[in-house]
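We number each residue from 1, following the sequence as shown.
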Amino acid sequence: MKSNHLARFPSIGAFILALSAALANGSALAQNGVKLEGLALDTLDNNRFFTRLGGTVGDLLTYAGLSAGEDYTASGQLYNLTTKRLVGEAVNLTFTPKSSTGAVSLEMPVPQNRTEFNIDYVLVVNLYKGKSAKGTVVAKLDDLTNPSQTIQLHAIQSIRVVATAADGSRALPGQGGKISAQVSYLNMVEGYAYTIWGQLLTPSGQAIGVFSSIPEYAPTGKAGSVVLEFDVPAGYEGISLIPAIGLYHKKRVEIGKDGNLSWIPGSPMPVMIASDMGVDAPEQTIAIGVPFALQPAK
C-alpha cells in the first residue's frame, strides 16, 4: 500500500529540497549534542522505489557533533509500515570520523515483495559509541513519518490491453486507419515517471515498424487506464495486427525519432516493468480488410 507522504515527493529533487528545508528548520534529530539525518535511496538508480525483486538501499547518514578519532557504529533495520514490525537482521557499519561533521553510507538488503500490495519501509537507525551495536546510543533515526527514510517496494505491476478500431469494432478497411489500444494498469506509483511504448505485430509475431508511445506518464492513482493510438498504413489487406505494449522505467529507455524504443546503455535492469504482448489474444487483434482466407484465389 502507498503511504500518503510518498505522494508528496515524486522526485529525488523534491526529496532533497524537503530534506534541506527540514535541516534548515532544525528538525534533524539532536541527541547528546549529536545531530543525525539520513536519505535512503536505491543504490542502482538513486530513487526511492524498488521493483518487487527488492535490491539494496543506501542510507546516506549525515552527522554533526561526533568526536573526531573515536569509533562509532551505525545500526540500521527496515520497519514495515503495514505489519508494524522490523524486518530482517540489523546491518551495522563501524566508522571513525576525522572531524565532528561528515557523512557515511549504510547499505542494507531490501527483500522481495511477494504480496499483492506495495510495501512502505522506513529505515530506522541507531548510532552507538564504540565498535559494536551495544552500549550508549548517541543518536537515532526512528521517526516513522520521515519521508527521507521511507522507501517503497512495488507489488507485481501489470497491464492489460484491449484494442479497437475507430468505430469501436475490431476491423479496419484494407486502406488502413487508426487502432486505439486501451492500456489498463495496476499497482503503479502515483507521480512516478513511466514510459508506455508499443508496436504492431502480425499474428506470427513479426513487427511492421509501426510504433506508438507516451514517453513520460505519471499516474495519479495506482490503478487506471490510458490510450495508445497506432496509425495503420495501406498495404496490410488480409492480415490481422496486434498492439504489443510494455510499461518501462522512463529513465532507462529512450524513444528514437522513428518511434522505436531502445535501452539507455548503462541503465540498471530491469528496463521493462510489465507487458501485455500476446499475439493470440482476440481482444487485442484487429483484422485489416478482407481476411486472406476469404479472398478469391489469383
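- Between the side chain of Arg170 and the backbone N or O of Ala287, no donor-acceptor pair lies under 3.5 Å.
- Residue Ile255 holds its CD1 atom at 8.5 Å from OH of Tyr248, rounded to the nearest 0.5 Å.
- At least one donor-acceptor pair under 3.5 Å links the side chain of Gln77 to the backbone N or O of Gly88.
- No donor-acceptor pair under 3.5 Å is formed between the side chain of Gln199 and the backbone N or O of Phe211.
- Taken from CD1 in Ile286 to CG in Leu172, the straight-line distance is 6.5 Å, to the nearest 0.5 Å.
- In this structure, Ile242 and Leu200 have side chains that are not in contact, with every pair of non-hydrogen atoms separated by 4.5 Å or more.
- Using a 4.5 Å heavy-atom threshold, the side chains of Leu60 and Leu41 count as separate.
- Between the CD1 atom in Ile151 and the CG atom in Asp120 there is a gap of 9.0 Å [rounded to 0.5 Å].
- Two different hydrophobic clusters hold Ile156 and Ile273 under the rule that ILVMFWY side chains link at heavy-atom gaps under 4.5 Å.
- Without hydrogens or angle criteria, Thr73 side chain to Ala133 main chain gives no donor-acceptor distance under 3.5 Å.
- Considering only heavy atoms from C-beta on, Ser184 stays 4.5 Å or farther from Ile159 through its side chain.
- In this structure, Leu153 CG and Thr82 OG1 are separated by 10.5 Å, a value rounded to the nearest 0.5 Å.
- Side chain of Asp142 to main chain of Val124: no donor-acceptor pair is present (N/O by atom type, distance under 3.5 Å, no hydrogens or angles).
- Closest of all the heavy-atom pairs between Thr195 and Lys250 is OG1-CA, 3.4 Å.
- A continuous path of Ile, Leu, Val, Met, Phe, Trp and Tyr side chains, each step under 4.5 Å between heavy atoms, connects Leu86 with Leu144, placing both in one hydrophobic cluster.
- How far CG of Asn113 is from CG of Leu53: 10.0 Å, rounded to the nearest 0.5 Å.
- Looking only at distances, a side-chain donor or acceptor of Asp276 sits under 3.5 Å from a matching main-chain atom of Val161.
- Between Pro97 and Ser67, the shortest heavy-atom distance links the atoms CG-O, 3.7 Å.
- The two residues Tyr185 and Lys222 make their nearest non-hydrogen contact at CD1-O, 3.7 Å.
- Between Leu228 and Ser213 the shortest heavy-atom distance is CD2-C, 3.8 Å.
- Across every non-hydrogen atom of Leu201 and Ala244, the tightest pair is CD1-CB, 3.6 Å.
- Using a distance-only test at 3.5 Å, with no hydrogens or angles considered, no donor-acceptor pair links the side chain of Trp197 to the main chain of Val253.
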- Check the pair Thr96, Asp71 against side chain to side chain donor-acceptor pair (under 3.5 Å), reporting the backbone distance first and the verdict last. CA-CA 5 Å; Thr96 306; Asp71 296 322; 2.5 Å; yes
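- A salt bridge links Asp231 with Lys178: at least one charged nitrogen is closer than 4.0 Å to a carboxylate oxygen.
- Between Ile208 and Leu241 there is a side-chain heavy-atom pair separated by less than 4.5 Å.
- Although no hydrogens or angles enter the test, the distance criterion places no donor-acceptor pair under 3.5 Å between the side chain of Thr136 and the main chain of Val138.
- To the nearest 0.5 Å, the span separating CG on Leu141 from CG on Asp59 amounts to 7.0 Å.
- Contact annotation: the side chain of Tyr72 never approaches that of Tyr128 to less than 4.5 Å [non-hydrogen atoms, C-beta and beyond].
- Taking the six-membered ring wherever Trp is involved, the centroid distance between the rings of Tyr217 and Tyr192 does not fall below 6.0 Å.
- Of all non-hydrogen atoms in Ala74 and Val125, the two that sit nearest each other are CB-CG1, 4.4 Å.
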- Run the numbers on Val122 and Leu81 for side chain to side chain contact (heavy atoms under 4.5 Å, CB included), then give the verdict. CA-CA 7 Å; Val122 177; Leu81 287 175; 3.8 Å; yes
- Task: Apply side chain to side chain contact (heavy atoms under 4.5 Å, CB included) to Leu61 and Leu36, showing your working.
- Result: CA-CA 7 Å; Leu61 300 173; Leu36 184 66; 4.3 Å; yes
- Query: How far apart are the C-alpha atoms of Ile196 and Val226, what are their side-chain angles, what is the distance that settles it, and do they pass the side chain to side chain contact (heavy atoms under 4.5 Å, CB included) test?
  - Reply: CA-CA 9 Å; Ile196 303 174; Val226 65; 3.6 Å; yes
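- Contact check on Lys129 versus Glu70 returns a salt bridge, with a Lys/Arg side-chain nitrogen under 4.0 Å from an Asp/Glu carboxylate oxygen.
- Side-chain contact between Ile245 and Ser275 is absent, with no heavy-atom pair separated by less than 4.5 Å.
- Under the 4.5 Å side-chain heavy-atom criterion for grouping Ile, Leu, Val, Met, Phe, Trp and Tyr, Ile214 is connected to Met188 within one hydrophobic cluster.
- Counting heavy atoms from C-beta outward, Gln112 and Arg114 have side chains that approach closer than 4.5 Å.
- Side-chain contact between His249 and Thr51 is present, with at least one heavy-atom pair separated by less than 4.5 Å.
- In terms of hydrophobic clustering, with Ile, Leu, Val, Met, Phe, Trp and Tyr side chains grouped at heavy-atom distances under 4.5 Å, Val87 and Ile119 are assigned to a common cluster.
- No side-chain donor-acceptor contact under 3.5 Å links Ser225 to the backbone of Val183.
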- Quick one: do Thr43 and Val57 satisfy side chain to side chain contact (heavy atoms under 4.5 Å, CB included)? Show the steps, please. CA-CA 6 Å; Thr43 57; Val57 60; 6.0 Å; no
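- With hydrogens and angles ignored, the 3.5 Å screen pairs a side-chain donor or acceptor of Gln149 with a backbone N or O of Leu123.
- A single hydrophobic cluster is not seen to contain both Leu39 and Leu44; linkage of ILVMFWY side chains at heavy-atom distances under 4.5 Å, directly or through other members, places them apart.
- A donor-acceptor contact closer than 3.5 angstrom links the side chains of Ser75 and Asn92.
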